[in-house]
J.: 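Here it is, the structure, as structure tokens.
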Amino acid sequence: MEARHLRYALTLAEHEHFGRAAGALGIAQPPLSKQIADLEREVGARLFDRTRRGVFPTAAGAAFLSRARRALDEIAAASVDAARAARGETGRLRLGFIASALLEPLPDVLGRFGRERPDVRWELHEMATNRSTGALVAGELDVAIGLGRPRGVGAEELVSVPIGHDHLVAVVSSTHPYAGRPSVHVDQLRRQPLIVASGEDEPAVATGLRALLGKDSPALSGATVARDIHTIIGLAACGVGVGLGPSRMLAAPRRGTWFCEVTPRTPLPDLVLSFSARDRSPALNAFLDVIRANCPDVGAALDHRLGHVTKPAASTPS
């Protein structure tokens with residue numbers, strides 16, 4: 001039994017005449033009569049009474065047609081749902097991100113994506129870079145935003161593009177001696193109690209700080225470790241020490257704190273968007289389109305990376 005058999009039966013019931021029904025369907029009457037007879041044999045019941053006044057559903061036919069109509073409605077809905085999913089208008093997107101990405105660029109990107117794809121289901125997970133990389137490689141995430149290019153086993157299979165640049169800044173309480181200063185020198189930081197991100201969670205940041213302050217720096221070995229930039233700022237506000245973090249922290253001012261530039265200016269690892277080279281799901285493609293629209297320079301780098309990834313695969317014999 002095929003969907004056309006259901007349409008034939010419904011059309012015949014509507015027109016109550018084989019000739020008129022065949023005309024409405026755009027087929028000849030004999031093939032229609034044969035298809036209805038075949039359908040009745042398959043169902044095992046007479047679906048229509050053939051009378052001089054016309055063709056009318058039997059009790060079995062009425063029961064069959066009720067189900068047939070719902071079945072065709074479901075088939076039509078399935079086609080619509082499939083088309084929407086193929087365009088990335090529905091589905092699921094699992095995103096892992098570090099907290100600082102919520103300052104910029106995630107608010108604009110997520111806001112636009114939500115407006116353009118309201119029926120895509122988000123699964124948002126705040127997590128450190130090393131955890132999001134592992135989850136991405138394991139297939140537990142569709143896209144991740146972290147600091148520095150992903151490292152470790154499987155990272156070579158990820159597509160990664162920078163989506164933000166940062167340099168090091170310091171944050172102190174408003175009662176700290178550095179409060180009111182526009183900048184603080186690196187040498188001065190070596191003599192201060194510091195608040196930094198976890199080296200285990202953010203290895204790229206830890207590597208940069210060791211290069212800046214010295215591999216065996218007492219200031220680093222005795223530093224207070226914070227989970228994210230909001231904790232760094234909060235602990236600095238409490239007078240625990242000098243918080244070190246990305247310049248995007250300037251977008252999250254807090255009462256009772258003061259931000260200083262660190263001199264010489266020290267670049268930090270880029271904010272990087274990563275996803276699996278093998279994952280080209282429509283929902284992910286739709287998200288990447290929003291990235292392209294919001295960040296044109298990132299879009300150009302993304303297209304370059306995707307071309308670099310996909311071209312060799314296209315020439316590989318199947």
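Position 1 is the first residue of the sequence; numbering continues from there.
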J.: Residues two or more places apart in sequence or in another chain: which of them pass ring pair (Phe, Tyr, Trp, His ring centres under 6.0 Å) with Phe48?
T.: none
J.: Taking ring pair (Phe, Tyr, Trp, His ring centres under 6.0 Å) as the definition, give me every residue that meets it alongside Tyr178, ordered by chain and number, with sequence neighbours left out.
T.: His176
J.: Holding to side chain to side chain contact (heavy atoms under 4.5 Å, CB included), I want the full list of residues that pass it with Thr11, two or more places apart in sequence or in another chain.
T.: His15, Ala21, Ala24, Leu25
J.: Among all residues two or more places apart in sequence or in another chain, which pass the side chain to side chain contact (heavy atoms under 4.5 Å, CB included) test with Arg87?
T.: Ala83, Arg84, Glu89
J.: What pairs meet the salt bridge (Lys or Arg N to Asp or Glu O under 4.0 Å) rule with one or both residues in residues 168-190, with sequence neighbours excluded?
T.: Asp187-Arg190
J.: Quick one: side chains of residues 71-79, donor-acceptor pairs under 3.5 Å with protein atoms, not counting sequence neighbours, listed by atom name and distance.
T.:
{"residue": "Ser79", "atom": "OG", "partner": "Ile75", "partner atom": "O", "Å": "3.2"}

J.: Is there any side-chain hydrogen bond (donor to acceptor under 3.5 Å, both in side chains) pair reaching into residues 141-153, and which pairs are they, with sequence neighbours excluded?
T.: Arg94-Asp142
J.: Could you list the cluster mates of Phe56? Members are the ILVMFWY residues connected by side-chain heavy atoms closer than 4.5 Å, either directly or through other members.
T.: none
J.: What salt bridge (Lys or Arg N to Asp or Glu O under 4.0 Å) pairs are there with at least one residue in residues 156-177, not counting sequence neighbours?
T.: Glu157-Arg278, Asp166-Arg248
J.: Sequence neighbours excluded, which residues qualify as side chain to side chain contact (heavy atoms under 4.5 Å, CB included) partners of Thr129?
T.: Ile98, Thr133, Leu147, Glu202
J.: Which side-chain hydrogen bond (donor to acceptor under 3.5 Å, both in side chains) pairs, counting each pair once, include a residue from residues 229-242, with sequence neighbours left out?
T.: Asp228-Thr231
J.: Which ILVMFWY residues can you reach from Leu250 by hopping between side chains whose heavy atoms are under 4.5 Å apart?
T.: Leu103, Val169, Val171, Ile195, Ile229, Ile232, Ile233, Leu235, Val240, Met249, Phe259
